[in-house]
There are 2 protein chains.
Amino acid sequence: MTDQPCSTCPLGRFCLPNDLDPAELPALDAVAHRRLRLKKGALVYRVGDPVMAIYAVRLGTLKSHVATEDGRSQIVGFHLQGEILGMDSVFGPFHLSSATALEDTQLCVLPVSALRAALPRLPSLRRQLVLALAQEAQHDRVMMTTIGLMTAEERLVAFLLGLSKRLSARGFAANEFVLRMSREEIGSYLGLKLETISRLLSRLAEAGMIAVHHRRIRLLQPDALRSIHRRSRSVPALEPTDRCTAPGSGPAPAILDTLATP
Amino acid sequence: MTDQPCSTCPLGRFCLPNDLDPAELPALDAVAHRRLRLKKGALVYRVGDPVMAIYAVRLGTLKSHVATEDGRSQIVGFHLQGEILGMDSVFGPFHLSSATALEDTQLCVLPVSALRAALPRLPSLRRQLVLALAQEAQHDRVMMTTIGLMTAEERLVAFLLGLSKRLSARGFAANEFVLRMSREEIGSYLGLKLETISRLLSRLAEAGMIAVHHRRIRLLQPDALRSIHRRSRSVPALEPTDRCTAPGSGPAPAILDTLATP
DNA sequence: CGGGAAGTTGAATATCATCAACGGTAGTGG
DNA sequence: CCACTACCGTTGATGATATTCAACTTCCCG
């Protein structure tokens with residue numbers, strides 16, 4: 001039940017086809033032909049499930065999350081349109097996090113079996129996937145220092161600016177957007193409590209830097225926000241992962257090229 | 001100036017040669033022939049340096065660290081004997097963290113140029129390096145939830161148990177060891193202050209769970225420590241990266257095999 | 001519409017950070 | 001080899017930041 005092949009998908013450069021060798025597009029169509037439709041709140045997979053496939057977000061937003069034995073939980077990532085989902089387990093055959101749709105969502109399914117069969121002849125696609133894996137790693141590195149080094153306000157500002165950047169890279173407005181997640185989910189992602197998020201949003205609004213109406217956010221003074229962010233940012237500046245910010249740009253990847261291009 | 005080739009290195013299974021196709025050992029010897037001797041406190045590389053090589057720790061201990069524009073800093077990893085260093089930058093040709101020796105240290109140098117030339121004919125070595133990269137990613141994921149979800153005491157206990165496990169995997173005593181890092185460095189790694197580390201060590205000692213003499217630590221009640229750790233641990237249990245805990249064991253890596261074995 | 005979830009705000013509290021003083025150890029150089 | 005000093009570590013008192021508990025409001029969803 002193919003809806004629309006990757007070769008003509010409007011997401012195009014925001015997703016796997018970006019930077020892909022055009023000759024490999026038909027093969028990608030074949031691998032990723034299946035679609036998955038999820039209602040808000042539906043689970044894609046949960047901790048411990050065997051890794052049957054990886055997924056590309058066609059429409060909607062999702063969260064990845066983990067839990068502790070005594071019931072605490074943390075969100076380890078949000079996934080927007082065009083992003084790759086399901087590569088949380090690098091070693092074992094089981095997922096190490098769960099994934100849940102934050103709204104009605106459509107995913108493109110790339111079965112592991114199909115990938116295993118097709119990838120040897122698709123060096124460019126394999127490179128894209130290794131890139132996604134590496135970007136997820138970089139995201140975790142950034143979040144680790146975000147939570148370890150920044151104050152609550154700095155974390156929230158970093159979150160808002162990061163979201164703004166990812167959304168604008170996808171063609172949405174940079175300074176006005178709707179949060180797909182609750183205050184509690186933002187807090188869980190940033191190592192804070194929901195009340196703290198609520199208070200901080202009010203405080204930033206009171207200071208005139210943002211406007212908050214429910215989940216609609218407007219960045220009124222992006223520069224003021226950036227200056228809060230800048231002082232707490234690691235040097236050189238790193239952003240949470242966004243695989244679409246710089247399509248095909250930048251100098252040649254060093255380690256990645258060495259490892260991923262046989 | 002070759003000291004000792006990897007093929008006869010006593011580290012053996014604790015380092016790159018572990019699980020390596022024996023046929024590739026001579027090639028590894030050729031790539032990793034250079035040694036680097038560092039005095040305590042010496043920098044291996046710093047943020048922004050071009051990635052000239054990756055390194056294997058032959059002897060000693062090091063830390064990886066990042067800094068913010070306003071002077072805060074965080075340690076993002078400690079590196080023991082047999083571990084791989086320098087793969088912090090996956091994309092760009094520049095290091096994203098700095099590396100400093102915590103004591104007099106010897107490193108084996110694997111120049112990127114030599115790797116680039118040799119790896120296409122060394123699939124098994126390439127797999128080892130991708131594995132190291134993935135384990136670093138997993139480490140960051142675990143630390144992100146460690147800092148985001150755990151109390152100060154739980155973080156410190158997790159640190160001590162993790163260190164114990166890594167050391168015992170290398171043939172050292174599991175319940176008695178010497179910290180190579182200061183209280184401040186432990187705190188920086190865990191998102192805490194040095195005074196907090198000091199107080200917590202005293203508290204754990206008072207409770208009879210550990211004995212502390214300067215930097216010598218004895219785990220007196222490992223089970224009590226583990227029960228503190230267990231309740232805050234994510235399920236399924238993840239440990240901070242240790243590439244030597246399970247040599248050649250476990251089921252076939254899923255995503256990793258698919259991506260790294262062409 | 002009605003009910004439940006999500007969000008806001010206030011007050012009290014806990015945890016960890018900061019400031020400060022002191023003791024000990026190890027490393028240095030005479 | 002010993003003495004000096006600088007760094008490391010400990011502990012106490014105080015304070016800031018974020019959490020917890022709680023009451024109330026608003027908004028969606030059914």
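The sequence lines fix the lettering, A, B, ..., with proteins before strands; numbering per chain opens at 1.
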Notebook entry, point to check: Considering only C:dG7, D:dT19, D:dC21, which nucleotide approaches the side chain of A:S198 most closely?
Noted result: C:dG7
Donor-acceptor contacts, no H, no angles, side chain residues 195-212 of chain B, under 3.5 Å, sequence neighbours left out:
from   : atom 1 : to     : atom 2 : distance (Å)
B:S202 : OG     : B:S198 : O      : 3.0
B:R203 : NH1    : B:E153 : OE2    : 3.4

Note to self: Could you tell me how far apart B:E184 (CD) and C:dT18 (P) are, to the nearest whole angstrom?
What the structure shows: 11 Å
Check: Tell me: NZ of A:K40 to C1' of D:dG30, nearest whole Å?
Finding: 13 Å
Notebook entry, point to check: Starting at CD of A:E195 and ending at C1' of C:dA6, how long is that distance when rounded to a whole Å?
Noted result: 12 Å
Item checked: Out of D:dT11, D:dA22, C:dA17, whichever nucleotide has its closest atom nearest the side chain of B:L192 -> C:dA17
Check: Taking CZ from A:R155 and C1' from D:dT17, how many angstroms apart are they, rounded to a whole number?
Finding: 10 Å
Item checked: Sugar-phosphate, base or nothing in reach of B:G187, heavy atoms under 4.0 Å -> nothing
Checklist line | d(CD1, B:I147; C1', C:dC16) in whole Å | finding: 15 Å
Notebook entry, point to check: Which sits closer to the 5' end of DNA chain C, B:A152 or A:T196, going by the nucleotide each is nearest to?
Noted result: A:T196
Notebook entry, point to check: So which pairs with a foot in residues 55-67 of chain A pass salt bridge (charged side-chain N to carboxylate O under 4.0 Å, His left out), sequence neighbours left out?
Noted result: A:K63-A:E185
Notebook entry, point to check: Which nucleotide, D:dT10, C:dA6, D:dA18, lies nearest any side-chain atom of A:S182?
Noted result: C:dA6
Notebook entry, point to check: Is there a donor-acceptor contact under 3.5 Å from the side chain of B:D104 to the main chain of B:K40?
Noted result: yes
Notebook entry, point to check: Looking across every strand, which nucleic acid part, if any, lies under 4.0 Å from A:L194 by heavy atom: base, sugar-phosphate, or nothing?
Noted result: base
Check: Do B:S89 side-chain atoms and B:F94 backbone N/O form a donor-acceptor pair below 3.5 Å?
Finding: yes
Note to self: Using a strict heavy-atom distance below 4.0 Å, which residues from residues 199-219 of chain A are in contact with DNA chain D?
What the structure shows: A:R199, A:H214
Checklist line | B:D49 side chain vs B:H95 backbone, donor-acceptor pair below 3.5 Å | finding: no
Notebook entry, point to check: Do side-chain atoms of A:S97 reach the backbone of A:V66 as a donor and acceptor pair under 3.5 angstrom?
Noted result: no
Check: What is the minimum heavy-atom distance between B:L219 and B:P222, and which atoms define it?
Finding: O-CD, 3.9 Å
Next item on the list: Write down the distance between CD (A:E185) and C1' (C:dA5), rounded to a whole number of angstrom.
Entry: 12 Å
Margin query: In this structure, how many angstroms lie between the P atom of C:dT18 and the CZ atom of B:R72, rounded?
Written below: 10 Å
Notebook entry, point to check: Within this structure, what is the CD1-to-P distance between B:I197 and D:dC8, rounded to whole angstrom?
Noted result: 15 Å
Item checked: Side chain of B:K193 (C-beta onward), nearest among C:dT8, D:dA18, C:dA17 -> C:dA17
